[in-house]
Amino acid sequence: WRQLGEVSRDQGKLSEALESFTNSRDVLAELYRRQPDNVDRLFELGQAEFWVGYVNSDLGDLVETERGFSNYLEISKELLNLEPANPEWTMEVSYALGNMGFLEKTRKGSDPEKILEYMQSSLDFNRKALMLDPDNTDFRVALTTAHADLADAYLAVCNLGQALVNRQRNVDLASEFFASNPADSNLKNQLAYAKTGLATVQS
C-alpha cells in the first residue's frame, strides 16, 4: 500500500495516494495492536503516519497534516523511550520535530517563536544521533540542512547573530561534503544554496 501511495503521489494522483497511505496505516495499526511489543511494527506505523500527514500537506489539509505529523512525533518519542541509546530512533525524533516546524511555517499567522523551538529541538536531536553514530553520513547531511532551517527560524525572530552562526555552519558542512566528492552535482547544488542563504543573512 505504501509503495502504491508513493507511485500515485509521484504521478500527481493525490487522492489515490491518500487512500493507499491510509490503508497502509490502518493495516499497520492493526498489526501493532496484535503485537504491541514488536518495535519494528511500531516504527513502521510511525512511517505510515508520516506519509498520511505528508500527502495531506500536498492536498492543503493542515488539520489532517498535523494529525499525521503529531502521531509520527509521538511514536518516534515512544521508540526512543523504549531504546534511549538507539541513534535511528533519536534521528526519527529529529525528523518529526522538523516536520512540525515546517507545518507551523505554513499556517496563516504562524508563531515564529514556536517554529524556532521546533527547529532548535530538531537540530539538538540530530546532534545526539550523531554522537551515538558519528560515522552516519545521512545524519551528517541532515545536520547541514538543520542548521539552514534553524538559521531561517532565527531570521524570522530578528536574531541576526544566531542566523549568521547557523548559516555559516551550514556552508562549512556543505563545503566539507562537496570537497569529499566534487563530481556530485547534488552536493554542488547544496553548497550553492548554502552560500545563497549565508549571503541573505549577510545582506
Worksheet item: Roughly how far apart are Thr22 OG1 and Glu64 CD, rounded to 0.5 Å?
Response: 8.5 Å
Discussion item. For Arg167 versus Ala151, what's the shortest heavy-atom pair and its separation?
Written reply: CG-CB, 3.5 Å
Item to complete: Please test Arg67 against Glu49 for salt bridge (charged side-chain N to carboxylate O under 4.0 Å, His left out), starting from the C-alpha separation and ending with a verdict.
Response: CA-CA 8 Å; Arg67 192 191 313 277; Glu49 291 285 7; over 6 Å; no
Worksheet item: Run the salt bridge (charged side-chain N to carboxylate O under 4.0 Å, His left out) check on Arg25 and Glu30 step by step: do they pass?
Response: CA-CA 9 Å; Arg25 180 199 61 194; Glu30 174 60 20; over 6 Å; no
Worksheet item: Does Ser70 reach the main-chain N or O of Glu66 with its side chain, forming a donor-acceptor pair under 3.5 Å?
Response: yes
Fill in: From Leu160 atom CG to Leu155 atom CG, the distance as rounded to the nearest 0.5 Å
6.5 Å
Discussion item. Looking only at side-chain N and O atoms, does Asn186 offer a donor or acceptor that is under 3.5 Å from a partner on Gln190?
Written reply: no
Discussion item. Using only atom types and a distance under 3.5 Å, with no angle test, would you say the side chain of Thr65 pairs donor to acceptor with the backbone of Asp61?
Written reply: yes
Worksheet item: Is the count of non-hydrogen atoms from other residues, nucleotides or ligands lying under 6.0 Å from Tyr32 atom OH greater than 12?
Response: yes
Item to complete: Mark yes or no for whether Asn56, through its side chain, and Val52, through its backbone, hold a donor-acceptor pair below 3.5 Å.
Response: yes
Worksheet item: Any chance the rings of Trp89 and Phe43 have centres within less than 6.0 Å?
Response: yes
Worksheet item: Side chains of Val141 and Phe177: closer than 4.5 Å at any heavy-atom pair?
Response: yes
Discussion item. Would you compute the distance between atom CG of Asn23 and atom CZ of Arg2 and round it to the nearest 0.5 angstrom?
Written reply: 12.5 Å
Worksheet item: Regarding Lys128 and the six-membered ring of Phe125, is the cationic atom NZ or CZ under 6.0 Å from the ring centre and inside 45° of its axis?
Response: yes
Worksheet entry | Rounded distance (nearest 0.5 Å) linking atom CG of Asn126 with atom CG of Asp138 | 10.5 Å
Worksheet item: How about Glu92 and Gln47: does a side-chain donor come under 3.5 Å of a side-chain acceptor?
Response: yes
Worksheet, complete the sentence: Taking every heavy atom of Pro182 against every heavy atom of Ala179, the minimum-distance pair comes out as CD-O, 3.7 Å
Fill in: Closest heavy-atom pair and its distance - Thr144, Ala174
CG2-N, 4.0 Å
Discussion item. Does any part of the side chain of Ser110, heavy atoms only, come nearer than 4.5 Å to the side chain of Ile115, both counted from C-beta?
Written reply: yes
Worksheet, complete the sentence: d(Asn166 CG, Tyr154 OH) to nearest 0.5 Å is 6.5 Å
Worksheet item: Are side-chain heavy atoms of Ser175 and Leu191 found at a separation under 4.5 Å?
Response: yes
Worksheet entry | Spacing of Glu113 atom CD and Glu104 atom CD [to the nearest 0.5 Å] | 11.5 Å
Worksheet item: More than 12 non-hydrogen atoms from neighbouring residues, nucleotides or ligands closer than 6.0 Å to CD on Gln3, yes or no?
Response: no
Discussion item. For Tyr54 and Trp51, take the angle between the two ring planes, folded into 0 to 90°, and tell me which bin it lands in: parallel under 30, tilted 30 to 60, perpendicular over 60.
Written reply: perpendicular
Discussion item. For a 4.5 angstrom cut-off between non-hydrogen side-chain atoms, does Phe69 reach Phe50?
Written reply: yes
Discussion item. Take a 6.0 Å sphere around CD of Gln162 and say whether it holds more than 12 heavy atoms from other residues, nucleotides or ligands.
Written reply: yes
